2 protein chains.
Amino acid sequence: MASAETPSVAQTGPRLGLRERKKIQTRQAIRRAAYRLYGQQGYDATTVDQIAEAADVSPSTVFRYFPTKEDIVLTDEYDPALEAALRARPAEEPPVEAFRHAAMASMRHILAHDMDEFRQRARLMSEVPALRRRAAEGMGESGPMLCAVLAERTGRAAGDVEVRIVVVAIFAAMNEALLHWVEQGQQEDVIALVGRTLDVLGRGLTL
Amino acid sequence: MASAETPSVAQTGPRLGLRERKKIQTRQAIRRAAYRLYGQQGYDATTVDQIAEAADVSPSTVFRYFPTKEDIVLTDEYDPALEAALRARPAEEPPVEAFRHAAMASMRHILAHDMDEFRQRARLMSEVPALRRRAAEGMGESGPMLCAVLAERTGRAAGDVEVRIVVVAIFAAMNEALLHWVEQGQQEDVIALVGRTLDVLGRGLTL
DNA sequence: GAGTCAAGTGACAGTAACTCTCAAAAGAGA
DNA sequence: TCTCTTTTGAGAGTTACTGTCACTTGACTC
C-alpha cells in the first residue's frame with residue numbers, strides 16, 4: 001500500500017496531532033482486521049460487523065472510514081509516485097513507453113516494500129467478483145490522473161476521447177495481466193509480464 | 001437488444017410451447033416495466049418491488065429471471081451476430097481490423113433496429129455507477145467469446161495472456177468511446193467514433 | 001488549568017437488494 | 001381426466017449501506 005498510514009512512510013510530515021494519529025491508527029486497525037478475516041474466512045463470509053468488532057470500533061465507524069466494504073481492500077496511495085515517475089519522462093516519448101518506465105519503477109518499489117499485501121490484494125481482486133469489477137473500472141481511481149498527465153504531455157484537452165481511450169486500454173491490459181498472474185499462482189515475474197503486456201499494446205494489438 | 005424475446009426475432013424456431021411463450025412474455029414484461037420506471041424515476045430510485053408490481057409478477061420472479069437488478073439492463077443477445085461476423089473475416093487480418101469490420105456491421109444493424117433501446121441502455125450504463133462497472137468488466141459477457149475466436153484465428157490457446165490482453169483492451173476502449181458518446185449528448189456519429197477508437201488501438205496507442 | 005468548540009464515535013432505526021424454503025398453481029403428457 | 005414437472009408467489013432472513021442524534025474526546029483559548 002505504501003500509504004500514509006504505514007510505519008514506513010508515517011514518519012514523514014511535521015509531527016501530526018493526536019487526533020490525526022488516532023485516525024491513522026483506526027484506519028490501519030480496520031484494514032488489518034479486514035485483511036486478516038478475509039484471509040481466514042473469505043471476503044463474502046466476512047461481514048462488516050465482524051470487521052468492526054475485530055478492529056474494536058463500531059460498524060458506523062467502519063463506513064465512516066471506507067465508503068464501501070470494497071474500499072477496505074482497494075484503497076491505496078500508489079498514485080502520487082506513479083504520477084511523479086510519469087512526469088519525469090520526456091514528452092516526446094509515446095504514451096505506452098512513458099508508462100512502461102514509470103510503471104516498472106513503481107512496481108519494483110512496491111514489490112520491494114509491500115510484497116505480501118500486494119500479493120493478497122491481487123488475489124482478492126482476482127477472486128472476488130465485486131473487487132474485480134472495481135479494479136477493472138476504466139476511469140476509476142488513477143484514470144483521471146493519467147489522463148491529465150498524458151493530455152499535458154501532448155497539449156490536448158484532459159477530456160479528449162483519444163487520451164481517454166489510451167488510458168483505459170492501458171489500465172484494462174495491466175489489470176488483465178495481473179489477473180493472469182494470480183491465476184498462474186503468482187509464480188511468474190510480474191515485471192516481465194507487465195513488459196510483455198505493454199509490448200502488445202505498443203505494437204497495435206497484433207498477435 | 002435483438003434478443004430472442006423481441007418480436008423481430010421471436011418468430012424464428014419451430015413454434016414453442018405455451019410454457020416457453022409465457023416465459024418470454026414474463027421476461028419481456030419485466031424488462032419493459034424496468035426500463036419505463038428507470039426512465040421515469042431513475043435507476044436507484046426504482047426498487048425491484050416496484051418493477052415486480054409494474055410487471056405484475058412477484059419480486060421472487062424478477063430475481064428468477066434476472067440474477068441482479070443490473071442484469072435487467074445489461075442482458076442482451078448481440079453476441080452471436082458479432083461472433084458470426086468475426087468468423088467471416090480472413091484469418092490473416094490483424095485482430096483490430098477484423099473487429100472493426102465485424103463490430104461496424106453489428107452496430108449498423110443494431111442502430112437500424114433497436115435504436116431507442118440502444119440509446120437508453122447507453123445512457124444508463126454511463127450514468128449509473130453500478131452499471132458502468134459491469135459494462136467495463138473486461139472479460140465479462142462477450143469477452144470469452146472474442147478470446148475463443150481470436151485464439152482460433154491465430155492458433156493460440158484460448159487462455160493465452162496476449163489474446164486476453166488484446167480483447168480487454170478492445171472492450172475497454174469501445175466502452176470508453178460509448179461513454180464519451182453519451183456525455184456528448186449522443187449527437188456524434190457512433191460508427192465514426194468507433195472507427196477512430198480502433199484507429200488509436202491499431203496504431204499502438206500513440207497520440 | 002478550566003471552559004468552549006469542533007471533530008470523531010457509537011447506538012439505533014431504517015431501506016433495499018438479494019437468498020432460501022415451501023406450498024400452491026399451471027402447463028405437458030398419458 | 002389424472003399425474004408429473006415446471007413455474008410461481010408468499011414469507012422470513014441476511015447484509016450492506018444510510019441517516020440521525022447524543023455522547024465522548026482532542027484542540028484551542030483565556
Side-chain angles (χ1 to χ4, degrees), chain A residues 4-5 13-31 33-35 37-38 40-75 124 128-134, chain B residues 4-5 13-31 33-35 37-38 40-75 124 128-134:
Chain A
E5 78 219 28
R15 198 63 185 156
L16 305 130
L18 177 53
R19 216 169 233 170
E20 304 296 320
R21 273 178 286 149
K22 284 214 144 187
K23 262 165 85 170
I24 291 170
Q25 275 180 15
T26 305
R27 197 180 172 80
Q28 201 176 7
I30 295 172
R31 282 188 47 123
Y35 269 93
L37 290 173
Y38 291 164
Q40 288 171 6
Q41 333 172 331
Y43 179 86
D44 286 326
T46 304
T47 70
V48 174
D49 286 20
Q50 288 176 334
I51 297 172
E53 193 180 328
D56 215 48
V57 294
S58 81
S60 346
T61 299
V62 174
F63 284 111
R64 235 173 243 125
Y65 278 83
F66 300 96
T68 72
K69 190 181 165 188
E70 300 160 16
D71 286 287
I72 304 178
V73 176
L74 292 170
T75 300
L124 282 171
V128 181
L131 297 176
R132 204 168 40 213
R133 259 167 233 150
R134 278 286 298 265
Chain B
E5 78 219 29
R15 196 63 183 158
L16 306 129
L18 176 52
R19 223 171 226 169
E20 302 297 318
R21 274 178 284 147
K22 282 215 147 187
K23 261 164 86 170
I24 292 171
Q25 275 179 15
T26 304
R27 197 181 171 80
Q28 200 175 8
I30 294 172
R31 281 188 49 122
Y35 269 93
L37 290 173
Y38 291 164
Q40 287 171 6
Q41 333 172 330
Y43 179 86
D44 286 325
T46 303
T47 70
V48 174
D49 286 21
Q50 289 176 334
I51 297 172
E53 195 179 328
D56 215 48
V57 294
S58 82
S60 345
T61 299
V62 174
F63 284 112
R64 235 173 243 122
Y65 280 83
F66 300 96
T68 73
K69 190 181 165 189
E70 299 161 16
D71 286 286
I72 304 179
V73 177
L74 293 170
T75 299
L124 282 170
V128 182
L131 297 176
R132 204 166 42 212
R133 259 166 232 150
R134 277 287 296 267

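In what follows, chains carry the letters A, B, and so on, assigned in the order in which the sequence lines appear, proteins first and then strands, with residues in each chain numbered from 1. Treat the numbers as computed from the prediction; the structure is a model and nothing was measured.
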Value for CZ (B:Arg27) from CD1 (B:Ile72), rounded to nearest 0.5 Å, stands at 10.0 Å
Expected list for residues 40-51 of chain B near DNA chain C, using heavy atoms below 4.0 Å, is B:Thr46, B:Thr47, B:Val48
Open item on the list: Is the positively charged end of B:Lys69 above the ring of B:Tyr38, judged by distance under 6.0 angstrom from the centroid and angle within 45° of the axis?
Closed with: no
Separation between CZ (A:Arg132) and CG (A:Leu124), nearest 0.5 Å, reads 12.0 Å
Separation of C:dG10 atom C1' from A:Ile30 atom CD1, nearest Å, is 13 Å
Interatomic distance, OG@A:Ser58 vs CZ@A:Phe63, rounded to 0.5 Å, equals 10.5 Å
Side chains of A:Tyr43 and A:Leu37: closer than 4.5 Å at any heavy-atom pair? no
Heavy-atom nearest nucleotide on DNA chain D taken for A:Thr68 and for B:Tyr65; more 5' hit belongs to B:Tyr65
- prompt: So do the side chains of A:Tyr65 and A:Arg31 get within less than 4.5 Å of each other, counting heavy atoms only?
  reply: no
Item checked: Within-4.5 Å side-chain heavy-atom neighbours: B:Leu18 and B:Arg21 -> yes
To the nearest angstrom, the CZ-C1' distance between A:Arg27 and C:dG8 comes to 15 Å
Which part of the nucleic acid, if any, lies within reach of B:Pro67 when heavy atoms closer than 4.0 Å are counted: base, sugar-phosphate only, or nothing?
-> sugar-phosphate
Between A:Thr61 and B:Glu70, whichever has its closest DNA chain C nucleotide further toward 5' is A:Thr61
Counting only heavy atoms not in A:Glu53 (residues, nucleotides, ligands), do more than 12 fall under 6.0 Å from its CD?
no
Output for pair (A:Glu70 CD, B:Arg133 CZ), nearest 0.5 Å, gives 6.5 Å
Rounded to the nearest 0.5 angstrom, the OG1-CD1 distance for A:Thr61 and A:Ile30 is 6.5 Å
Its contact letters, B for base, S for sugar-phosphate only and - for none at protein heavy atoms under 4.0 Å, make nucleotides 22-30 of chain C read ----BBS--
Over all strands shown, is B:Ser60 touching base, sugar-phosphate only, or nothing at heavy-atom distances under 4.0 angstrom?
base
Contacts of B:Lys69 and A:Ser58 projected onto DNA chain C by closest heavy atom; the upstream (5') one is A:Ser58
5'-most to 3'-most nt of DNA chain D touching chain B (<4.0 Å, heavy-atom partner on protein side) reads D:dT5 to D:dA10
Looking only at heavy atoms, the pair that brings A:Asp71 and A:Thr75 closest together is O-OG1, 2.7 Å
